[in-house]
**Student:** 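Before we start, here is the structure in question, set down as structure tokens.
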Number of protein chains: 2
Amino acid sequence: MAVSDLHKYPRPSVAVDVALLTVDEGRLKVALIRREGGDKGGELSLPGTFLHEGERLADAALRCLSDKAGVRGFHPRQLHVFDDPKRDDRGWVLSVAHVDVVRVEDLRKAIENGSLQLIDVELIGNLPYAHEEIVQKAVDAVRRNYLETPDPWGLIEQPFIMSQLRDLHESVLGRQLQRDTFRRQMEPMLQGTEETAVPPSVRVGGEARGRPARLYRRN
Amino acid sequence: MAVSDLHKYPRPSVAVDVALLTVDEGRLKVALIRREGGDKGGELSLPGTFLHEGERLADAALRCLSDKAGVRGFHPRQLHVFDDPKRDDRGWVLSVAHVDVVRVEDLRKAIENGSLQLIDVELIGNLPYAHEEIVQKAVDAVRRNYLETPDPWGLIEQPFIMSQLRDLHESVLGRQLQRDTFRRQMEPMLQGTEETAVPPSVRVGGEARGRPARLYRRN
DNA sequence: GAAATAGTGTCTGTAAGACACTATCGG
DNA sequence: CCGATAGTGTCTTACAGACACTATTTC
């Protein structure tokens, strides 16, 4: 095909939508923004943007997080392309869905100034532009990640103790895990800080009770 | 965002490339076509095409298989979007990679008239437009499919006996499987035709030797 | 000592790997 | 009977689930 053929056909607009997930109050949540203008104005949706000329998809995802949610510095991953011509009433738009997972602390400012709000992923109803499908795919993918690997998205502060890691995995998966089985599964994939151990002063209520735990780092 | 904003920015061309896999001579192979014209003329590559206005990605994948490879009637699945701006020297082109898996009989005509040729996936070298990455992702995805599920892409003729199914899985995975373990894993996911059983006349050399085997169907 | 959490031993059930035995065909 | 393939029994190993015991801390 000659170069000129590239321009014979109309081309679609390409959008990037990002399901930005985090763990807050022990639950997996997704960050939604309130849309401005247009006929979807005021509705909650995922942050998204149109791809600029020559821009990488991952860069567009980072840009829309920065511009629309005021957060930055993460690692979006592609999920799927949504291509239903009737999906977007503004015209012919392909949406490349992405997922990213970040610490809730990195979202605090944006939540406080109203740029975004967190919604429990189990309580997501219908969203504009079929965004609820993107959330579902994102949640499935991230939960699969957390089934076999210790904190693959780096949500936890290092070093950490096993119960902190287990709390995190339980929050992401939305169900309880067995204490002993979880340890035996994860320990070979962690670097044990043999030297150190601290009282679990990090625990709830400021109380520090119980035997001190071994500290670990990711490999 | 207003409708008019959609047209303010330049838009990329969107291509669809398909890794069409099949099993031939006991090996997993990918169908390649020989490119016509352009500076990549004569090189082998995956069949691909540009997305037409209002067209679904899956339909574009089917269209390019029909137009360029002369085969039709399958079920392409999305793999990944390749967005490196330097990937395609013809301009700004996003490629949505797809995978499909079909019976080699459905490709016979196209092979005979030279529309496409089959290459063992283990022998793929560099291809234009980074197509070897697409092949790798396609092979990984299909092999994952065949690890746990009996013939998920429907390559086998029904009804079939267990050794035919195992031969197929061994061809796709590119390694031997255990006879007894394979049966115990797959049998619960199949519908056993209790009534029927035929001599394995389907076997090599026209010879029909050994105990007749139970016939199965997919659920 | 009581309460709380960390770490580990161990029993049971399940499933894969490996091997071998029996079953049923053609010749 | 032999050769060949189908189907299954069983031993071993590994590991998840489940339970309980020991260990180390605060109060």
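All values reported here derive from a predicted model rather than from experimental measurement. Below, all heavy atoms of this structure are taken into account, side chains as well, without hydrogens, waters or symmetry copies.
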**Student:** With sequence neighbours excluded, what pairs up with A:Lys137 under the side chain to side chain contact (heavy atoms under 4.5 Å, CB included) test?
**Tutor:** A:Leu79, A:His80, A:Phe82
**Student:** Quick one: list whatever passes side-chain hydrogen bond (donor to acceptor under 3.5 Å, both in side chains) with B:Tyr129, sequence neighbours left out.
**Tutor:**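 B:Tyr129 satisfies side-chain hydrogen bond (donor to acceptor under 3.5 Å, both in side chains) with no other residue.
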**Student:** Calculate the interatomic distance between B:Gln176 atom CD and C:dA18 atom P; express it in whole Å.
**Tutor:**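 The answer, rounded to whole Å, is 12 Å.
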**Student:** Only pairs at least two apart or in different chains count here, so list each ring-ring contact (aromatic ring centres under 6.0 Å, His included) that has a residue in residues 167-186 of chain B.
**Tutor:**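 Pairs touching residues 167-186 of chain B that pass the test: B:Tyr146-B:His169, B:His169-B:Phe182.
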**Student:** Can you list everything that forms a side chain to side chain contact (heavy atoms under 4.5 Å, CB included) with B:Arg56? Sequence neighbours excluded, please.
**Tutor:**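 B:Arg56: side chain to side chain contact (heavy atoms under 4.5 Å, CB included) contacts with A:Asp83, A:Asp84, A:Pro85, B:Asp59.
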**Student:** Provide, to the nearest angstrom, the distance between the CG atom belonging to B:Leu147 and the P atom belonging to C:dA16.
**Tutor:**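 Taking CG of B:Leu147 and P of C:dA16, I get 12 Å after rounding.
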**Student:** How would you summarise protein contacts on nucleotides 14-24 of chain D per nucleotide, using B for base, S for sugar-phosphate only and - for none, with heavy-atom distances below 4.0 Å?
**Tutor:** --SBBBB--BB
**Student:** Whole Å only: how far is the CZ atom of B:Phe182 from the C1' atom of C:dA15?
**Tutor:** 16 Å
**Student:** Take the protein atom CE of B:Met162 and the nucleotide atom P of D:dT5, then report the distance between them rounded to whole Å.
**Tutor:** 17 Å
**Student:** If you check every side-chain atom of B:Ile161, which of D:dA6, D:dG7, C:dA6 has the closest atom?
**Tutor:** D:dA6
**Student:** Quick one: salt bridge (Lys or Arg N to Asp or Glu O under 4.0 Å) partners of A:Arg108, sequence neighbours excluded?
**Tutor:** A:Asp24
**Student:** Send over the distance from B:Arg183 CZ to C:dT22 C1', rounded to a whole Å.
**Tutor:**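 Atom-to-atom, B:Arg183 to C:dT22, this comes out as 14 Å.
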**Student:** Does OP1 or OP2 of C:dA6 have a side-chain N or O of A:Ser163 closer than 4.0 Å?
**Tutor:**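 For C:dA6, OP1/OP2 do have a side-chain N/O of A:Ser163 under 4.0 Å.
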**Student:** For a 4.5 angstrom cut-off between non-hydrogen side-chain atoms, does A:Asp106 reach A:Val71?
**Tutor:**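 Side-chain contact under 4.5 Å: no.
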**Student:** Just the rounded figure in Å: distance from C1' of C:dT5 to CD of A:Gln164.
**Tutor:**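 Result: 13 Å.
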